[in-house]
Amino acid sequence: MKRSRDDEDSDYKPKKIKTEDSKKAKKRKQEEVDVKPKKNKNKVKGQEGEVKRKKVKKEEEEKWKWWEEERHTDGVKWTFLEHKGPVFAPPYEPVPDNVKFYYDGKQVKLSPKAEEVATFFAKMLDHEYTTKDVFRKNFYKDWKKEMTSEEQSLITNLSKCDFTHMSSYFKAQSEARKQMTKQEKQKIKEENERLVQEYGYCVMDNHKERIANFRIEPPGLFRGRGNHPKMGKLKRRINPENIIINCSKDSKVPPAPSGHKWKEVRHDNKVTWLVSWTENIQGSIKYIMLNPSSRIKGEKDWQKYETARRLKLCVDKIRNSYKEDWKSKEMKARQRAVALYFIDKLALRAGNEKEEGETADTVGCCSLRVEHIKLFLEMDGQEYVVEFDFPGKDSIRYYNKVPVEKRVFKNLQLFMEKQTT
DNA sequence: ACCAAGACTTGGATTAAAGGAA
DNA sequence: TTCCTTTAATCCAAGTCTTGGT
């Protein structure tokens, strides 16, 4: 692997990564972090390979070496931004008449809106989700809202709904997709490529950049992870009227689909997103942003690694300082010091506060509660052992037993008496 | 100084594509 | 070719961290 290696004295000047595009650069950085580097295999053989190689070479020549340029220091992220707007999810196509839905053993023809939501459920039928109580309850509640009043009065019990025929129809569909001929597959691929060419790029400051997610998220049922209180709720369809477009004043504003208009068009160069909308499950904002290969992402990523690198210059000081704070008379300082120690020693996530009832109950270092740790003066021949057992990100269990310094242990005892930590 | 909203990163799951053996 | 396995790309929820308003 080719790389110029005088990293030790990096002064933040981008001389290093000359021969790599940013994607590779990122990989390279990851390899430095990883214990085992991945093999770099790009065997391209035959005539096709020759063409491919030439194409790649050409692209490389045209590549912009953003890491050799000056960076903004204020909050300005760009001066020119133009794009084609998002690609919306395809409209709902009703299932053919021979695909049946049954309620209480009797066949029912659903109205298009109710049917669409029913298909979302049908598509997930053999997923464990659909057996969960919370999921079913949330789904049922949102589904009813989409029904006509006749349907509402007819359908009163989810357990009497039979989605199996719908489900097998979709299974057959995806099977059929796999069995398509070469030409059919090729046609789809080309059509896809056309979309990418048209909507997959934007111009930011004189450079054509790849957009990461130019397609709006399609409607469906929300799949929260862990035991999420909102799983199964209907993720509604996003229309142009929900969309905020961000681009520069002197750019060509993308037209909304005919008969529609955007919620808003703004020109905010202090942010990096091109399109945003508010999602209906948590009320949070979703964005369309650029690819990791773009300047805006690559620069930030690079900065991150440089920051990490600078850590070694001050890590000793930090460690001494938190050890000192274990004795502080301020309880807050002690808590911070112990938390920092765990983050340092165990690489725990920081752990921000979360809104109760809105999301699954998960914690990180700073949001650990008394019930998440146990203290053992002695365990398996070791002194001052802390046992961690808590649901972390995505409700994944973190379980670990670690011997700690006596001071840390004493502090934890103190915190737990006072119901903090 | 506080806190909610906003912006952006991370990483697991899902799907698509590529590779490889039969 | 066909079928299975591995890898890569995409999707999107769940985090972290920053910002701006009070």
Side-chain angles (χ1 to χ4, degrees), chain A residues 23 26-27 30 33 38-45 48-49 52 74-75 77 87 89 123-124 126-129 174-175 177-182 185-186 188-189 192-193 195-196 200 210-233 235 238 244 246 266 268-294 296-305 307-308 332 343 347-355 358-367 391-396 398:
Chain A
K23 207 171 174 183
K26 189 174 176 189
K27 226 174 200 161
Q30 280 170 348
V33 174
K38 281 157 204 148
K39 282 246 175 72
N40 189 9
K41 52 170 176 187
N42 42 4
K43 300 176 251 174
V44 194
K45 40 187 169 174
E48 271 181 25
K52 218 173 190 171
D74 47 8
K77 305 289 169 61
V87 171
K123 284 176 181 170
M124 295 179 72
D126 39 7
H127 202 290
E128 193 199 342
Y129 270 121
S174 66
E175 206 48 46
R177 219 169 302 130
K178 277 184 213 153
Q179 302 302 322
M180 281 188 306
T181 66
K182 274 246 172 84
K185 282 184 181 170
Q186 187 61 24
I188 288 171
K189 206 175 164 188
N192 214 12
E193 187 54 29
L195 261 189
V196 173
R210 186 80 146 80
I211 298 169
N213 55 325
F214 58 90
R215 282 173 230 265
I216 300 283
E217 294 176 15
L221 303 182
F222 177 73
R223 303 156 78 113
R225 302 200 271 258
N227 78 307
H228 195 118
K230 297 193 173 178
M231 64 169 76
K233 283 178 70 67
K235 200 168 105 167
I238 302 302
I244 301 174
N246 192 35
R266 68 171 75 156
D268 183 357
N269 69 355
K270 297 283 206 325
V271 296
T272 68
W273 53 267
L274 322 186
V275 172
S276 77
W277 71 93
T278 302
E279 154 269 345
N280 68 301
I281 306 290
Q282 321 269 1
S284 65
I285 307 170
K286 298 269 188 155
Y287 304 94
I288 289 182
M289 293 183 185
L290 299 192
N291 210 48
S293 63
S294 62
I296 204 95
K297 293 292 181 192
E299 212 165 83
K300 192 85 189 297
D301 197 41
W302 178 20
Q303 223 180 86
K304 175 186 71 185
Y305 285 100
T307 305
K332 272 191 178 177
I343 288 172
L348 300 185
R349 284 192 184 76
N352 290 329
E353 309 98 326
K354 332 173 47 177
E355 214 173 322
E358 294 295 299
T359 56
D361 178 23
T362 61
V363 296
C365 185
C366 301
S367 46
K393 182 177 176 179
D394 296 331
S395 301
I396 291 165
Y398 181 92

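In the text below, chain A, chain B and the rest are named by the order of the sequence lines, each starting its count at 1.
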Quiz item: When you check the side-chain N and O atoms of A:Thr362 and A:Lys354, is any donor under 3.5 Å from an acceptor?
Solution: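 On atom types as modelled, these side chains qualify, holding a pair under 3.5 Å.
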Can you tell me if the side-chain N/O atoms of [X] get under 4.0 Å from OP1 or OP2 in [N]?
X	N	answer
A:Lys304	B:dT9	no
A:Lys393	C:dA13	no
A:Thr359	C:dA14	no
A:Lys286	C:dA13	yes
A:Thr362	C:dG15	yes
A:Lys354	C:dG15	yes
A:Lys189	B:dA17	no

Over how many whole Å does the gap from [X] atom [atom1] to [N] atom [atom2] extend?
X	N	atom1	atom2	answer
A:Asp268	B:dG6	CG	P	12 Å
A:Lys233	C:dC12	NZ	P	18 Å
A:Lys332	B:dA1	NZ	C1'	10 Å
A:Ile238	C:dC11	CD1	P	15 Å
A:His127	B:dT14	NE2	P	5 Å
A:Glu193	C:dT10	CD	P	11 Å
A:Trp277	B:dA7	CH2	P	13 Å
A:Lys123	C:dC11	NZ	P	15 Å

Less than 4.5 Å apart, side chain to side chain, heavy atoms only: is that true for [X] and [Y]?
X	Y	value
A:Ile288	A:Arg215	no
A:Leu274	A:Met289	no
A:Lys235	A:Pro219	no
A:Ile285	A:Tyr287	yes
A:Lys77	A:Asn269	no

Check nucleotides 16-19 of chain C for protein N or O atoms closer than 3.5 Å to its own N or O atoms and list the pairs.
| residue | atom | partner | partner atom | Å |
| --- | --- | --- | --- | --- |
| C:dT16 | OP1 | A:Gly351 | N | 2.7 |
| C:dT16 | OP2 | A:Asn352 | N | 3.1 |
| C:dT16 | OP2 | A:Asn352 | ND2 | 3.4 |

Quiz prompt | Toward the 5' end of DNA chain B, by each residue's nearest nucleotide, A:Tyr129 or A:Ser276 | solution =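 With A:Ser276 and A:Tyr129 compared, the 5'-side residue is A:Ser276.
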Practice problem: Specify the residue among A:Ile296 and A:Ile285 whose closest nucleotide of DNA chain B lies further upstream toward the 5′ end. | Solution: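 The answer here is A:Ile285.
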Quiz item: Donor-acceptor pair, A:Tyr129 side chain versus A:Gly224 backbone, under 3.5 Å?
Solution: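 Present.
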Exercise. Among A:His228, A:Gln282, A:Lys230, find the one that has a side-chain hydrogen bond (donor to acceptor under 3.5 Å, both in side chains) with A:Glu358.
Key: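 Exactly one option meets the side-chain hydrogen bond (donor to acceptor under 3.5 Å, both in side chains) with A:Glu358, and it is A:Lys230.
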Practice problem: Answer with base, sugar-phosphate or nothing: what part of the nucleic acid does A:Thr272 contact at a heavy-atom distance below 4.0 Å? | Solution: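 The residue A:Thr272 makes sugar-phosphate contact but no base contact.
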Quiz prompt | Candidate nucleotides C:dA14, C:dC12, B:dT10, ranked by approach to the side chain of A:Lys235 - the nearest | solution =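 Side chain of A:Lys235 sits closest to C:dC12.
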Quiz item: What's the closest nucleotide to the A:Ile396 side chain, out of B:dG12, B:dC8, C:dG15?
Solution: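 Within the option list, the nearest is B:dG12.
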Quiz item: Which heavy-atom pair separates A:Ala360 from A:Ser395 by the least distance, and what is that distance?
Solution: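 So the two residues come closest at CB-OG, 3.8 Å.
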Exercise. First locate atom CD of A:Glu353, then atom OG of A:Ser367, and finally report the distance between them rounded to the nearest 0.5 Å.
Key: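 OG of A:Ser367 is found 8.0 Å from CD of A:Glu353.
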Exercise. Kindly state which residues belonging to residues 212-230 of chain A come within less than 4.0 angstrom of DNA chain B, counting heavy atoms of the residue only, listed by number.
Key: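 Contacts with DNA chain B under 4.0 Å: A:Arg223, A:Arg225.
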